Number of protein chains: 2
Amino acid sequence: MAEQPETDRRVRKTKQRLNEALNALMVEKGYDKVTVQDIINRADVGRSTFYAHYETKDNLLMSKIEHLKEDMHLALGDAPALTGPVIRCLPLFSHLSENHLIFKSMIGSHGIAKVSELVHAGLLQHVTEILERRSVEGDRHEVPVDVRAGFLTGSLLALAQWWLDRDMPYSPEQMDEMFQALTASA
Amino acid sequence: MAEQPETDRRVRKTKQRLNEALNALMVEKGYDKVTVQDIINRADVGRSTFYAHYETKDNLLMSKIEHLKEDMHLALGDAPALTGPVIRCLPLFSHLSENHLIFKSMIGSHGIAKVSELVHAGLLQHVTEILERRSVEGDRHEVPVDVRAGFLTGSLLALAQWWLDRDMPYSPEQMDEMFQALTASA
DNA sequence: TACGTTACTGAACACTGTGTTCTGTAACAG
DNA sequence: CTGTTACAGAACACAGTGTTCAGTAACGTA
């Protein structure tokens with residue numbers, strides 16, 4: 001949201017146009033099939049201008065979703081809960097629902113690999129923290145913390161993708177409830 | 001395993017060399033970074049010869065793992081069990097362990113997308129069958145079958161990838177046990 | 001408003017990789 | 001032995017990437 005001032009108006013305009021162009025093209029034909037040429041045509045921006053701002057197409061995508069991690073931290077809450085569900089995933093499902101066109105355009109693409117790595121890593125760290133804290137508080141479990149963390153993180157994201165692939169046949173609230181029920185023994 | 005006769009000896013040799021070359025290159029530099037040029041150089045095969053047999057690089061990969069689904073069905077057992085664990089995942093973890101070099105070379109690549117779609121779809125169908133059969137047999141569960149199937153399939157594959165990414169820190173037997181424990185409420 | 005600075009355009013260029021086509025040659029099955 | 005088929009190798013058109021550079025326009029500041 002809050003970009004740095006970016007003194008020059010021209011720079012702001014150019015970056016905005018490139019972002020909007022990528023956005024539209026992603027939804028139209030999927031991230032993978034969008035070329036740099038497409039982007040600069042759509043944005044009506046010179047080739048050299050693109051490369052003056054971004055090294056690659058992936059780079060542009062990254063800058064677009066840079067603040068995703070911050071959003072996520074805010075959504076998950078910075079103070080890991082000691083009781084109740086390990087992950088409050090309602091915010092995740094809601095966010096996916098709101099931006100589902102963009103996220104669907106990344107599915108199966110090379111781009112999502114980087115994005116979901118980012119999300120995955122952040123989520124994994126969060127879950128691990130909670131589980132470790134609970135573990136020292138006396139919460140015994142037959143399965144080691146690292147496996148549980150990997151499992152919870154992975155299955156949440158897998159379920160999220162399942163949900164998106166099928167065009168969200170349940171509400172975010174339902175998905176949240178069901179995820180909690182399914183992972184009750186984890 | 002059992003290819004069709006393939007009358008001409010030259011054809012067999014060429015295909016075999018291409019397969020071996022892809023195999024070696026995948027392990028060396030990862031599927032994504034392997035080019036058709038690399039493959040034909042390594043295989044010492046003419047460019048036109050490659051395209052006489054395969055349309056693309058992905059095509060060659062697909063033909064290589066065509067029999068994966070059959071293997072999987074055999075491993076999972078054709079008769080879905082009515083009691084006990086929904087998925088016997090020991091065969092999966094064992095198979096991954098045996099071929100981990102190949103599988104690791106596909107991680108994060110575009111190639112794996114197709115491969116894991118294949119595996120995912122097959123596994124999902126298998127799990128759905130079992131759950132549906134158990135459901136009519138009176139096995140009540142608060143979460144709908146489609147969500148449970150998506151969850152189980154997705155989390156198994158997610159856990160498998162977690163395990164491969166970390167160079168298999170537990171034995172296949174341990175992974176199997178832990179997966180059963182974690183999904184006890186699903 | 002005038003100034004020096006900075007960003008943008010547009011075209012040219014080298015480069016990598018893909019996929020096709022063709023001719024002559026060698027290996028093949030029967 | 002003979003007709004058929006696969007192969008090598010080179011040439012080609014094509015698409016996309018990323019760089020460079022000279023000329024031009026917009027910018028922030030004083």
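The chains referred to below are lettered A, B, ... by the order of the sequence lines, with proteins before strands, and numbering in each begins at 1. Since this is a predicted model, take the numbers as computed values, not measurements.
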If only atom types and distance count, is the side chain of A/Lys29 paired as donor or acceptor with the main-chain N or O of A/Val34 below 3.5 Å? no

Nearest to the A/Arg17 side chain among C/dT18, C/dG19, C/dT9, which nucleotide is it? C/dT9

Does either side chain, that of A/Tyr31 or that of A/Asp58, offer a donor lying less than 3.5 Å from an acceptor on the other one? yes

Rounded distance in Å - CD (B/Gln37) to C1' (C/dT20): 14 Å

When you measure from the side chain of B/Arg9, which nucleotide among D/dG18, C/dC28, D/dG28 comes out closest? C/dC28

Report, as yes or no, whether the 6.0 Å neighbourhood of atom CD on B/Glu28 holds more than 12 heavy atoms from other residues, nucleotides or ligands. yes

Provide, to the nearest angstrom, the distance between the CZ atom belonging to A/Phe50 and the C1' atom belonging to C/dC8. 15 Å

With distance as the sole test, does A/Gln174 use its side chain to make a donor-acceptor pair with the main-chain N or O of A/Ser171 at under 3.5 Å? yes

Closer than 4.0 Å, any side-chain N/O of A/Thr14 to the OP1 or OP2 of C/dC8? yes

Please report, rounded to the nearest Å, how far the C1' atom of C/dA7 is from the OH atom of A/Tyr54. 14 Å

Pairwise side chain to side chain donor-acceptor pair (under 3.5 Å) hits with a residue in residues 146-157 of chain A, at least two apart: A/Asp146-B/Tyr170

Under 4.0 Å: is that the gap between some side-chain N or O of B/Tyr51 and OP1 or OP2 of C/dG19? yes

Produce the list of close N/O pairs, under 3.5 Å, pairing protein atoms with atoms of nucleotides 9-14 of chain D; give distances to one decimal.
unit_1 : atom_1 : unit_2  : atom_2 : d
D/dG9  : O6     : B/Ser48 : OG     : 2.6

Given C/dA26, C/dA7, C/dG17, which nucleotide is nearest the side-chain atoms of B/Thr35? C/dG17

Can you check the B/Asn41 CG to C/dT18 P distance for me, whole Å? 11 Å

Would you say C/dC8 has OP1 or OP2 under 4.0 Å from some side-chain N or O of A/His53? yes

Length of the CD1-C1' vector between A/Ile40 and C/dA11, whole Å: 12 Å

Any side-chain heavy-atom pair from B/Val11 and B/Lys15 closer than 4.5 angstrom? yes

Using whole Å, report how far CG of A/Asp58 lies from C1' of D/dG16. 14 Å

Quickly work out the A/Arg12 CZ to C/dT6 P distance and round it to whole Å. 17 Å

Measure from NZ on A/Lys13 to P on D/dA26 and round the result to the nearest Å. 10 Å

Return yes if some donor-acceptor pair links the side-chain N/O of A/Asp38 with the main-chain N/O of A/Thr35 below 3.5 Å, else return no. yes

